[in-house]
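The block underneath contains the structure these notes are about, expressed in structure tokens.
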Amino acid sequence: MAYQMNFAPVMALAPQLFEGAFNTLILSGQSIVAGIAIGVVGAVGRTEGPRWLDRAIGAYVELFRNTPLLVQLFLIFFGLPYIGLRLSANAAAIIAVALNLGAYSTEILRAGLQAIPRTQIEAGLALGMSRLQVVRYVVIVPALRIIYPALTGQLTLTLLGSSIASAISATELTAAGARIESTTFRSLETFLCVAVIYIAMTFTFRFIYWLIGLLLFRRKAPPKPSLIADISEISRVGV
Amino acid sequence: MSALHINEIQKYFGALLVLDGVSLDIAQSEVVAVIGRSGSGKSTMLRCINGLEKIQAGSIEVAGHRIGPQGGDLRSLRKEVGMVFQSYNLFPHLTVLENVTLAPKVVKGVGREEAEAIAHDVLRRVGLAEKSGAYSDELSGGQQQRVAIARSLAMQPKVMLFDEVTSALDPELTGEVLKTMEELADAGMTMVLVTHEMGFARQVADRTVFMHKGKVWEQGPSEELFSYPQTPELRNFIAPNLK
């Protein structure tokens with residue numbers, strides 16, 4: 001006999017799902033803000049800072065990109081109490097997800113900074129700007145533009161990755177789903193609902209990223225410094 | 001009193017000696033053209049003047065600031081020494097007006113209205129007052145280079161450095177840039193220009209310096225230098241240019 005879907009018991013507990021979804025938004029929103037801040041500091045530190053700083057940030061990046069997020073979460077949640085920091089499950093989850101995103105966004109942002117031609121940096125320096133002013137006014141926006149798809153993709157992974165917080169009984173969406181499943185025994189229906197809510201959230205976030213992109217990058221064409229110079233050079237030689 | 005004093009500078013790229021004891025004195029309002037083959041060190045010398053390249057020996061004094069092998073207060077120096085590049089290097093995410101106002105605002109702390117007044121003034125000087133809202137990729141190469149000159153002028157520099165500023169331009173666009181530079185020279189700007197435009201050097205520069213093998217090989221008043229080259233190297237270099 002074919003399986004009969006029955007959403008009614010799950011729907012009865014829908015408020016729990018929405019509460020979980022709300023917590024997922026809060027958790028990943030805080031992680032994203034903190035993670036991007038870490039990434040900006042990390043990327044600028046690696047490209048502009050002294051060698052020891054580059055090495056130190058590099059070690060952090062390698063550590064967090066070569067271990068599973070779940071293991072990082074366990075180490076933070078179970079490890080920090082030993083040094084006197086007792087955290088709630090949600091606080092531990094925010095820290096773990098932020099540090100993880102920080103490592104990935106450090107490398108994504110660094111790739112953007114390095115994609116900006118030296119000549120742009122020299123033009124800024126020649127006008128009397130400090131290196132940090134050059135980064136801030138000359139480099140950041142074109143760099144961000146180059147890596148924007150990669151960065152927003154990583155942010156979507158962060159939103160979804162926050163589900164691992166369910167493993168330490170944080171109160172986010174996946175955990176809410178697991179709780180409902182264990183009382184209703186409607187596993188498929190429960191997680192179908194959970195999946196739909198995740199999709200709704202990621203699409204909403206992607207729409208927001210798109211809007212931010214419109215504001216940041218008013219220019220349509222991507223930056224192509226020196227290309228025009230190269231072409232005219234070629235045509236001149238051709239003549 | 002000289003506006004720019006280069007004293008026995010040496011510059012290495014790795015083990016390669018590219019500037020071998022270059023000395024040069026440039027007076028207030030003097031226009032000096034630097035010519036020479038690729039690899040003669042002329043662009044490198046120019047880039048040493050505003051500290052984009054470090055020197056390993058000697059010293060440079062410009063607009064009251066000093067650079068030595070230990071470096072110097074480069075930011076203060078660069079406020080007074082403008083530079084225009086071969087590839088224009090306009091900031092592609094900013095409009096023409098934003099390109100020109102950026103440095104006065106963030107480096108000198110000039111207010112927005114004053115910065116824009118300065119920008120409109122210098123854009124008028126280079127003949128591009130009507131392009132202030134455009135982005136660099138909407139401009140021709142010649143227009144971009146004139147904006148780059150305006151951007152540099154907006155800092156009200158005492159000395160301007162031009163690094164092969166017409167080399168990337170189509171021949172029909174070099175004229176407008178050279179005209180802008182000639183007007184600057186006439187207005188009394190102290191200028192050092194690395195150039196392949198022999199005709200322009202001869203006509204506009206008070207003095208021309210011929211660099212060869214990392215040294216100042218020969219120099220003199222432009223007309224004299226081009227008419228009566230003393231060394232065989234300079235004769236060989238300018239012969240094909242003076243058909």
Side-chain angles (χ1 to χ4, degrees), chain A residues 44 48 50 109 112-148 151 212-239, chain B residues 46-47 49-53 73-95 98-100 102-108 135-142 144-145 148 151-152 154-155 157 160-161 163-174:
Chain A
V44 174
E48 298 295 324
L109 290 167
L113 295 182
Q114 288 177 341
I116 301 303
R118 260 198 76 73
T119 50
Q120 285 282 304
I121 295 161
E122 286 183 348
L125 291 176
L127 286 164
M129 292 186 213
S130 67
R131 291 204 70 94
L132 282 181
Q133 283 177 330
V134 170
V135 170
R136 178 168 165 202
Y137 296 108
V138 177
V139 174
I140 278 280
V141 170
L144 205 53
R145 181 184 188 121
I146 293 168
I147 49 90
Y148 201 62
L151 185 66
I212 293 173
L214 279 190
L215 283 176
L216 271 179
F217 317 122
R218 283 165 298 161
R219 291 297 295 137
K220 275 177 248 110
K224 285 176 283 189
S226 85
L227 185 64
I228 297 159
D230 293 343
I231 289 169
S232 59
E233 187 83 52
I234 291 160
S235 68
R236 209 165 60 113
V237 173
V239 173
Chain B
L46 202 71
R47 291 164 57 84
I49 296 173
N50 71 349
L52 285 181
E53 302 287 351
D73 184 359
L74 295 179
R75 287 195 64 200
S76 311
L77 180 150
R78 288 167 180 161
K79 281 184 208 171
E80 307 192 68
V81 180
M83 185 167 205
V84 184
F85 299 86
Q86 179 176 349
S87 51
Y88 337 129
N89 303 353
L90 294 183
F91 305 132
H93 60 299
L94 302 179
T95 63
E98 290 164 339
N99 263 279
V100 178
L102 178 62
K105 282 199 282 198
V106 307
V107 177
K108 284 186 166 175
Y135 287 91
S136 57
D137 58 5
E138 297 163 347
L139 302 176
S140 73
Q144 288 188 58
Q145 195 58 293
R151 178 174 71 177
S152 193
M155 289 295 283
M160 291 269 286
L161 311 174
D163 189 7
E164 299 189 28
V165 295
T166 57
S167 298
L169 292 172
D170 287 333
E172 71 267 26
L173 297 178
T174 57

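Residue numbering restarts at 1 for every chain, and letters A, B, ... go by the order of the sequence lines.
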> Does a sphere of radius 6.0 Å around CZ in Arg75(B) hold more than 12 heavy atoms from other residues, nucleotides or ligands, not counting ones at 6.0 Å or beyond?
Replying inline: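 Yes, the 6.0 Å shell around CZ holds more than 12 heavy atoms from other groups.
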>> Quick check: do Gln86(B) and Thr119(A) have side-chain heavy atoms less than 4.5 Å from each other?
In response: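 The answer is no, as the side chains (C-beta and beyond) never meet within the 4.5 Å cut-off.
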Please flag which part of [X] lies under 4.5 Å from any non-hydrogen atom of chain A: side chain, backbone, both or neither.
| X | answer |
| --- | --- |
| Phe85(B) | side chain |
| Val81(B) | backbone |
| Glu98(B) | side chain |

> In chain order, what residues pass the ring pair (Phe, Tyr, Trp, His ring centres under 6.0 Å) check against Tyr137(A), with sequence neighbours excluded?
Replying inline: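 For Tyr137(A) there are no ring pair (Phe, Tyr, Trp, His ring centres under 6.0 Å) partners, ignoring immediate neighbours.
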> Under 3.5 Å, is there a donor-acceptor pair between the side chain of Asn50(B) and the main chain of Ala126(A)?
Replying inline: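 Answer holds: no.
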> Among pairs that include at least one residue of residues 115-125 of chain A, which meet salt bridge (charged side-chain N to carboxylate O under 4.0 Å, His left out), considering only residues two or more places apart or in two chains?
Replying inline: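 Counting only pairs at least two positions apart or across chains, the salt bridge (charged side-chain N to carboxylate O under 4.0 Å, His left out) contacts touching residues 115-125 of chain A are Arg118(A)-Glu122(A), Glu122(A)-Arg47(B).
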Minimum heavy-atom distance [X]-[Y], with the two atoms named:
| X | Y | answer |
| --- | --- | --- |
| Gln120(A) | Leu90(B) | NE2-O, 2.9 Å |
| His93(B) | Val141(A) | CD2-CB, 3.8 Å |
| Gln133(A) | Val107(B) | OE1-CG2, 4.3 Å |
| Arg78(B) | Leu125(A) | CD-O, 3.0 Å |

> Taking every heavy-atom pair that is under 4.5 Å apart, which of Leu173(B), Val106(B), Leu52(B), Thr95(B) has the most such pairs with chain A?
Replying inline: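 Heavy-atom pair counts peak at Val106(B).
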